[in-house]
Amino acid sequence: MGQILARAFRATGDDVVILGRGTPPAAGRFTTWDARTVGAWAAELDGADVVINLAGKTVDCRYNAKNRREIIDSRVDSTRVVGQAIARADNPPAVWLQASTATIYAHTFERPNDEATGVIGGDELDLPDTWKFSIDVVKRWEAALEEADTPATRKVALRSAMVMSPDRGGVYDVLLRLVRFRLGGRAASGRQYVSWVHDSDFTEAVRFLIANDSLEGPVNIATPDPLPYSDFMRDLRAAAGVRFGLPASRWMLEVGAFALRTETELVLKSRRVVPGRLLQAGFEFEQPDWSAAAVDLVSRHR
């Protein structure tokens with residue numbers, strides 16, 4: 001997501017500074033931070049127009065005790081310290097866009113979840129422990145944003161669905177590889193909903209949120225038309241020119257997830273999320289239809 005935004009904003013002439021703990025990118029301004037303590041990097045926030053915090057350990061892992069701790073700490077600590085840096089700034093940014101996720105909503109096949117009427121998950125009696133953990137992470141993540149004392153800075157929680165982009169290593173890249181290995185068929189019942197957003201719409205939604213002073217708090221970034229997993233993968237197979245995909249039962253998915261050191265929640269949880277606040281504010285999606293978006297992504301992936 002960071003690469004997508006940096007690339008898009010630099011293309012329109014914006015001065016982008018990336019904060020990171022790893023290897024600096026080949027181009028652009030880069031400042032090192034530990035995402036836990038206020039340091040010299042905080043000077044980059046003083047006088048900035050916008051701060052976008054996307055820091056957090058990947059959830060594409062097994063939810064053992066060590067990884068759970070790192071998933072929570074990386075999100076809560078980085079959010080807390082960004083808030084501290086903004087609070088200390090002489091010229092604080094006008095807006096702070098903080099990563100969150102649509103995973104906070106309940107597992108549902110029925111009524112779509114928007115920001116006003118959506119059901120926050122975690123209390124379902126039959127919910128797997130790993131799913132409850134994910135929801136708890138988001139609650140603590142957003143609480144850290146809400147608790148930040150930044151009265152001069154508008155705060156927005158980006159409850160994003162899966163961002164589909166042709167970049168290597170992203171969720172779309174993984175799904176396309178499954179399809180090309182003929183493994184992109186029905187997963188379990190196939191009824192679980194997939195909420196997604198095309199990378200160009202994700203970028204434009206971020207621009208829209210920066211420009212629209214009336215929007216603060218949680219905002220869903222997802223296309224208006226989530227669809228069941230079976231339909232989602234059928235359209236991806238069609239775009240990729242693959243005639244069939246082998247189905248996988250729940251136990252097969254559990255075995256596969258264990259082998260790949262990940263969790264089945266990423267496939268099995270039904271995320272039926274819609275962008276209520278964006279639509280009410282007048283945002284228009286360029287790629288609202290998955291079948292057309294999949295064709296675009298396949299062509300760009302090549």
Side-chain angles (χ1 to χ4, degrees), residues 1-19 28-29 31 42-56 78-79 82-83 85-87 89-102 104 113-116 118 138 141-142 144-146 148-165 167 195-226 273-289 293 296:
M1 289 165 65
Q3 293 178 2
I4 293 169
L5 291 177
R7 189 166 59 229
F9 278 85
R10 284 176 179 148
T12 53
D14 292 291
D15 183 18
V16 178
V17 181
I18 295 176
L19 303 182
R29 294 176 58 193
T31 297
E44 299 289 356
L45 276 61
D46 198 340
D49 296 316
V50 182
V51 171
I52 305 174
N53 181 27
L54 306 173
S78 64
T79 304
V82 166
I86 291 175
D90 293 326
N91 185 17
V95 58
W96 170 12
L97 303 183
Q98 173 58 51
S100 182
T101 170
I104 194 170
N113 287 305
D114 64 15
E115 302 90 338
V138 189
W141 203 3
E142 291 192 359
L145 173 66
E146 186 176 351
D149 186 17
T150 58
T153 300
R154 177 168 55 93
K155 298 183 291 187
V156 180
L158 306 175
R159 288 184 178 170
S160 177
M162 292 188 291
V163 179
M164 299 293 165
S165 103
D167 296 275
S195 285
W196 61 279
V197 63
H198 188 277
D199 61 339
S200 64
D201 281 327
F202 175 75
T203 299
E204 291 309 308
V206 168
R207 292 188 190 277
F208 186 84
L209 290 169
I210 291 171
N212 196 320
D213 293 339
S214 66
L215 289 170
E216 59 182 337
V219 176
N220 294 345
I221 302 183
T223 56
D225 189 26
V273 178
V274 293
R277 299 189 68 195
L278 281 177
L279 293 177
Q280 290 169 6
F283 182 76
E284 297 182 2
F285 287 83
E286 296 178 1
Q287 293 278 6
D289 176 70
D296 170 75

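We're numbering straight along the sequence, starting at 1.
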Original post:
Do the side chains of Leu45 and Leu19 get nearer than 4.5 Å, heavy atoms only?
Top reply: yes
Listing, residues 279-289 side-chain donor-acceptor contacts under 3.5 Å, not counting sequence neighbours, or none:
| from | atom 1 | to | atom 2 | distance (Å) |
| --- | --- | --- | --- | --- |
| Asp289 | OD2 | Ser291 | N | 3.4 |
| Asp289 | OD2 | Ser291 | OG | 2.4 |
| Asp289 | OD2 | Ala292 | N | 3.0 |

**OP:** Working to the nearest 0.5 Å, report the span between CD1 of Ile221 and CZ of Phe202.
**Re:** 5.5 Å
**OP:** Find the distance between NZ (Lys155) and CG (Asn53) and round it off to the nearest 0.5 Å.
**Re:** 13.0 Å
Subject >> Minimum heavy-atom distance between Ala161 and Ala222, given as atom pair plus value >> reply: CB-CB, 3.6 Å
Original post:
Which residues pass the side chain to side chain donor-acceptor pair (under 3.5 Å) test with Asp296, sequence neighbours left out?
Top reply: His198, Arg300
Original post:
What residues, two or more places apart in sequence or in another chain, satisfy side chain to side chain contact (heavy atoms under 4.5 Å, CB included) together with Val138?
Top reply: Ser100, Thr101, Ile104, Glu142
Original post:
Asp213: what forms a salt bridge (Lys or Arg N to Asp or Glu O under 4.0 Å) with it, not counting sequence neighbours?
Top reply: Arg154
**OP:** With sequence neighbours left out, write down each residue that passes salt bridge (Lys or Arg N to Asp or Glu O under 4.0 Å) with Arg7, or none if nothing qualifies.
**Re:** Asp167
Subject >> Nearest atoms (heavy-atom pairs only) where Pro224 meets Pro275 >> reply: CA-CD, 3.6 Å
Subject >> Reported CG-to-CG distance for the pair Leu97 and Leu215, which is rounded to 0.5 angstrom >> reply: 10.5 Å
Subject >> Beyond-backbone contact of Trp96 with Thr79, side-chain heavy atoms, under 4.5 angstrom >> reply: yes
**OP:** Taking all heavy atoms of Asn220 and all of Glu115, pick out the closest pair and write down the distance.
**Re:** N-OE2, 2.6 Å
Original post:
Rounded to the nearest 0.5 Å, what separation is found between the OG1 atom of Thr203 and the CE atom of Met1?
Top reply: 9.5 Å
Subject >> Side chain to side chain, Leu278 and Val219, heavy atoms closer than 4.5 Å >> reply: yes
Subject >> Straight-line distance of Ile210 CD1 to Asp49 CG, nearest 0.5 Å >> reply: 9.0 Å
Subject >> side chain to side chain contact (heavy atoms under 4.5 Å, CB included) against Thr12, all qualifying residues, sequence neighbours excluded >> reply: Asp14, Arg207
**OP:** Quickly, which of Asp199, Val206, Leu54 forms a side chain to side chain contact (heavy atoms under 4.5 Å, CB included) with Ile4? Name it, please.
**Re:** Asp199
**OP:** For Asp225, enumerate each residue passing the side chain to side chain donor-acceptor pair (under 3.5 Å) test, keeping only those at least two apart in sequence or located in another chain.
**Re:** none
Subject >> Shortest non-hydrogen contact between Asp90 and Asp46, atoms and distance >> reply: N-OD2, 3.1 Å
Subject >> side chain to side chain contact (heavy atoms under 4.5 Å, CB included) partners of Ala152, counting only residues at least two apart >> reply: Pro92
Original post:
Side-chain contact, heavy-atom cut-off 4.5 Å: Ile86 with Pro93?
Top reply: yes
Subject >> Set of residues satisfying side chain to side chain contact (heavy atoms under 4.5 Å, CB included) with respect to Glu44, sequence neighbours excluded >> reply: Val17, Arg29, Thr31
Original post:
How would you list, by chain and number, every residue that makes a side chain to side chain donor-acceptor pair (under 3.5 Å) with Ser195, sequence neighbours excluded?
Top reply: none
Original post:
Which heavy-atom pair separates Thr150 from Ala87 by the least distance, and what is that distance?
Top reply: CG2-N, 4.2 Å
**OP:** Taking ring pair (Phe, Tyr, Trp, His ring centres under 6.0 Å) as the test, write out the residues that go with Phe9, two or more places apart.
**Re:** none
Original post:
Backbone N or O of Ala116 within a donor-acceptor pair of the Arg277 side chain at under 3.5 Å?
Top reply: no
